[in-house]
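Reviewing the structure listed below.
Chain A is the first sequence line, chain B the second, and so forth, proteins listed ahead of strands; every chain is numbered from 1. Reckoned from all heavy atoms, side chains included, excluding hydrogens, waters and symmetry mates.
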There are 2 protein chains.
Amino acid sequence: MLNSILFYSLDKAIRSYRRMAQANIDRAGLAITIDQWLVLRVLLEHDDLTQHEIAEQVFKDQASVARMLALLTKRGLLSAVPLPNDGRRTKLRVTEQGQHLLDAVHPLILNNRARALAGISVEEIAVLQQLLERIAGNCVPTD
Amino acid sequence: MLNSILFYSLDKAIRSYRRMAQANIDRAGLAITIDQWLVLRVLLEHDDLTQHEIAEQVFKDQASVARMLALLTKRGLLSAVPLPNDGRRTKLRVTEQGQHLLDAVHPLILNNRARALAGISVEEIAVLQQLLERIAGNCVPTD
DNA sequence: GCAATGTTTATGATATATCATAAAAAATTT
DNA sequence: AAATTTTTTATGATATATCATAAACATTGC
């Protein structure tokens, strides 16, 4: 019954992937969540983003990002140095330890993606991606 | 950068849909979450499922379902009557109030789906669904 | 320079996700 | 029947999602 509903399949696909991916990371003894990994990846590229900008990049909201940053900092994967020109903000830098963890996780992520997409052609992936983007676009609030 | 990753698009599509759908339900003044709605819908069809079976239906885990059932019961949308033949379980029935809420939400859900899928043909939806199911299938744990 | 406005971060409240485990009850084995 | 195993539910711990709001700070307009 629910199987015939597209959004159920959508939810199931991403959650299946997440469970599988997280299980593989855990099994490798790496202490990081997929979401934390994503945030660190973004911060590796840009260390001058506001929480709101980070949130946009990873499609989360600012409150979630704030809590993830606090956690990542507590874990020593991220360093937050106050910015001289703005008393509210900090410069966020991935630490050595964070770097090592990212490096260790990277091949696993590639593996997970390959496994999830096994038997699906490049053309099919392109079609899929394009449809997903159209759906996301349709759901953007207008006002 | 992240935009080129399929799983990011996947995550974004379902989260965009959920935000839009929940916002519409909230705006209508209906006090229910999409997840709660889903569980109630399942219970409407079958009132003799274990928490584990419900979890399978809605693709959540038993712990999440347990908490949702407790909440739904507290809210008066669900009644839980002890089963005589099994001291652990209860018969879960959607209450009158739950029924009314489901009835009120239903047209909104149809609206939300239509909006999310605007401009996407039936054939495209079929392709999409089939690909999503293949991905979910690839992620199923083997052992 | 001050008031009003906007931005940025932090956090409270509530809900869900996930793993792990405890506790109770049922089913099975011997 | 008693012991063992399995099933079912509840809950602790931790992480994330979301909305709302507070607090600190920066910026703009006057």
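For B:Gln22, the side chain to side chain donor-acceptor pair (under 3.5 Å) partners at least two apart in sequence or on another chain are B:Asp26. The salt bridge (Lys or Arg N to Asp or Glu O under 4.0 Å) search around A:Glu56 returns none, not counting sequence neighbours. Applying the side chain to side chain donor-acceptor pair (under 3.5 Å) rule to B:Arg15 yields the partners B:Asp11; only residues at least two apart in sequence or on another chain are considered. Residues that satisfy the side chain to side chain donor-acceptor pair (under 3.5 Å) test with A:Lys60, not counting sequence neighbours, are A:Asp35. Scanning for side chain to side chain donor-acceptor pair (under 3.5 Å) contacts around B:Arg134 gives A:Glu124, with sequence neighbours left out.
Taking for each of A:Asp11 and B:Asn85 the nucleotide of DNA chain C with the nearest heavy atom, the 5'-most of the two is the partner of A:Asp11. Nearest-nucleotide mapping onto DNA chain D: of B:Ala23 and A:Lys74, the residue sitting toward the 5' end is A:Lys74. Of the residues near DNA chain D, A:Asp35 and A:Gly87, the one whose nearest nucleotide (by heavy atom distance) lies more toward the 5' end is A:Asp35.
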Using residues 97-114 of chain B as the side-chain source, report each donor-acceptor pair under 3.5 Å to any protein atom, sequence neighbours left out, with the distance given to one decimal.
residue	atom	partner	partner atom	Å
B:His100	ND1	B:Glu96	O	3.1
B:Asn112	OD1	B:Asn24	ND2	2.7
B:Asn112	ND2	B:Leu108	O	3.2

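Atom CE in B:Met68 sits roughly 17 Å away from atom P in C:dT14 (whole-Å rounding). Rounded to whole Å, the distance from CG on A:Leu83 to P on C:dT7 is 18 Å. Rounded to a whole Å, the CZ atom of A:Phe59 is 17 Å from the P atom of D:dT16. Rounded to an integer number of Å, the gap from A:Asp48 CG to C:dT8 P is 12 Å. We find that CE of B:Met20 is positioned 14 Å from P of D:dC19, with the value rounded to whole Å. Rounded to whole Å, atom P of C:dT16 lies 11 Å from atom CD1 of B:Ile34. Atom CD in B:Gln36 sits roughly 11 Å away from atom P in C:dA17 (whole-Å rounding). Distance, B:Arg19 CZ to D:dT16 C1': 12 Å, rounded to whole Å.
Applying the 4.0 Å criterion to OP1 and OP2 of C:dA17, one finds that A:Arg18 has every side-chain N and O outside that range.
Applying a 4.0 Å cut-off to non-hydrogen atoms, none of the residues of residues 101-114 of chain B approaches DNA chain C.
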For nucleotides 2-12 of chain D, read 5' to 3', which letter fits each nucleotide if B means a protein heavy atom sits under 4.0 Å from the base, S means only the sugar-phosphate is that close, and - means neither? -----BBBBBB
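Atom CZ of residue A:Phe7 and atom CG of residue B:Leu132 lie 10.5 Å apart, to the nearest 0.5 angstrom.
Of the candidate nucleotides C:dT16, C:dT18, D:dC19, D:dC19 has the atom nearest to the side chain of A:Asp61.
Side-chain contact of A:Glu133 with A:Gln129: a donor-acceptor pair under 3.5 Å is present, judged by distance alone.
Sorted by first and then second residue, the pairs that involve residues 61-71 of chain B and meet side-chain hydrogen bond (donor to acceptor under 3.5 Å, both in side chains), not counting sequence neighbours, are B:Gln51-B:Gln62, B:Asp61-B:Ser64.
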